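Whatever order the structure lists ligands and atoms in, that order sets their numbers, starting from 1. Every value quoted in this text rests on a predicted model; they were computed, and no experiment measured them.
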Amino acid sequence: MVKRMFNTRIDLDQDTRAAIIERLNQSLAELSDLYSQVKQAHWNIKGPDFIALHKFFDELASDLLPLIDEVAERIPTLGGYALGTVRMAASRSSLAEFPTHVTDAQGMVTALAEAYAHTARCMRESIDFAEGQGDKATADLFTEVTRELDTRLWFIEAHLQ
Ligand SMILES: [Fe+2]
């Protein structure tokens with residue numbers, strides 16, 4: 001694991017910054033994995049609702065990109081090194097792999113609901129982690145990400161109810 005640290009005048013001590021950077025890199029991996037899973041659904045969806053879901057999934061993916069960028073950029077902001085490639089994300093993410101045997105609307109929407117719910121739970125835990133480290137700015141970022149994921153989970157689950 002890369003533990004590069006850079007000097008900064010930011011008023012958080014090095015141990016605190018290192019702990020938060022580790023958590024941010026973990027979150028970056030999970031959000032990048034989630035993004036790739038949404039695109040996977042966008043590309044492989046089949047069935048009578050194809051065009052609606054194909055477009056919906058692409059909107060979900062687009063909405064994730066600015067969140068991923070904000071989480072990633074918080075890492076060098078704190079003097080850390082962002083671990084942002086697909087391979088780095090794959091080796092760290094705690095998400096289950098997207099099921100390759102489903103292509104229908106129900107299966108795909110259910111898989112995405114599970115992935116969003118899992119990622120939102122990770123981000124919600126990260127709010128408390130950052131709070132515990134005394135970094136309210138990172139806690140606020142995780143709060144924003146969690147709120148966005150919660151809203152998108154509503155959009156997704158509405159297809160199943
Ligand atoms: Fe596309």
Side-chain angles (χ1 to χ4, degrees), residues 1-2 4 20-130 135 137-161:
M1 184 178 38
V2 181
R4 298 175 70 180
I20 296 166
I21 287 161
E22 176 67 18
R23 192 79 183 204
L24 284 162
N25 267 319
Q26 183 63 36
S27 303
L28 175 59
E30 272 136 12
L31 289 166
S32 298
D33 192 357
L34 182 63
Y35 173 81
S36 76
Q37 295 198 18
V38 177
K39 291 298 277 195
Q40 179 75 3
H42 167 71
W43 293 323
N44 289 300
I45 180 72
K46 309 279 187 212
D49 298 322
F50 168 80
I51 198 64
L53 289 174
H54 176 70
K55 289 179 176 175
F56 172 52
F57 294 160
D58 215 25
E59 276 181 32
L60 288 175
S62 298
D63 291 344
L64 284 172
L65 287 175
L67 302 178
I68 292 169
D69 209 47
E70 270 196 87
V71 168
E73 290 179 356
R74 185 73 186 157
I75 295 167
T77 297
L78 295 174
Y81 181 81
L83 301 172
T85 71
V86 171
R87 258 180 274 202
M88 290 168 185
S91 70
R92 295 180 70 111
S93 174
S94 67
L95 271 73
E97 179 59 291
F98 195 82
T100 53
H101 62 279
V102 296
T103 56
D104 64 297
Q106 178 85 12
M108 289 237 163
V109 170
T110 301
L112 288 182
E114 295 292 338
Y116 270 77
H118 176 89
T119 310
R121 186 167 70 242
C122 295
M123 299 303 130
R124 210 179 317 279
E125 288 169 3
S126 296
I127 300 169
D128 293 337
F129 181 85
D135 182 355
T138 299
D140 179 66
L141 170 57
F142 281 128
T143 302
E144 178 199 353
V145 173
T146 304
R147 187 171 53 240
E148 289 294 325
L149 294 180
D150 286 347
T151 304
R152 297 309 180 272
L153 178 59
W154 161 43
F155 289 7
I156 296 164
E157 286 185 324
H159 290 81
L160 301 168
Q161 290 160 345

>> On the six-membered ring of Y116, is R152 placed so that its NZ or CZ lies under 6.0 angstrom from the centre and within 45° of the ring axis?
In response: no
>> Suppose the cut-off is 2.8 Å; which protein N/O/S atoms would you list for the Fe ion (ligand 1)?
In response: H42 NE2
>> Taking the side chain as everything from C-beta on, heavy atoms only, tell me whether L64 gets closer than 4.5 Å to L149.
In response: yes
> Is R92 salt-bridged to D33, cutoff N-O under 4.0 Å?
Replying inline: no
>> Does either side chain, that of S126 or that of R23, offer a donor lying less than 3.5 Å from an acceptor on the other one?
In response: yes
> Quick one: do R74 and D135 make a salt bridge, cutoff under 4.0 Å?
Replying inline: yes
>> Just to verify, what does D69 make a salt bridge (charged side-chain N to carboxylate O under 4.0 Å, His left out) with, not counting sequence neighbours?
In response: none
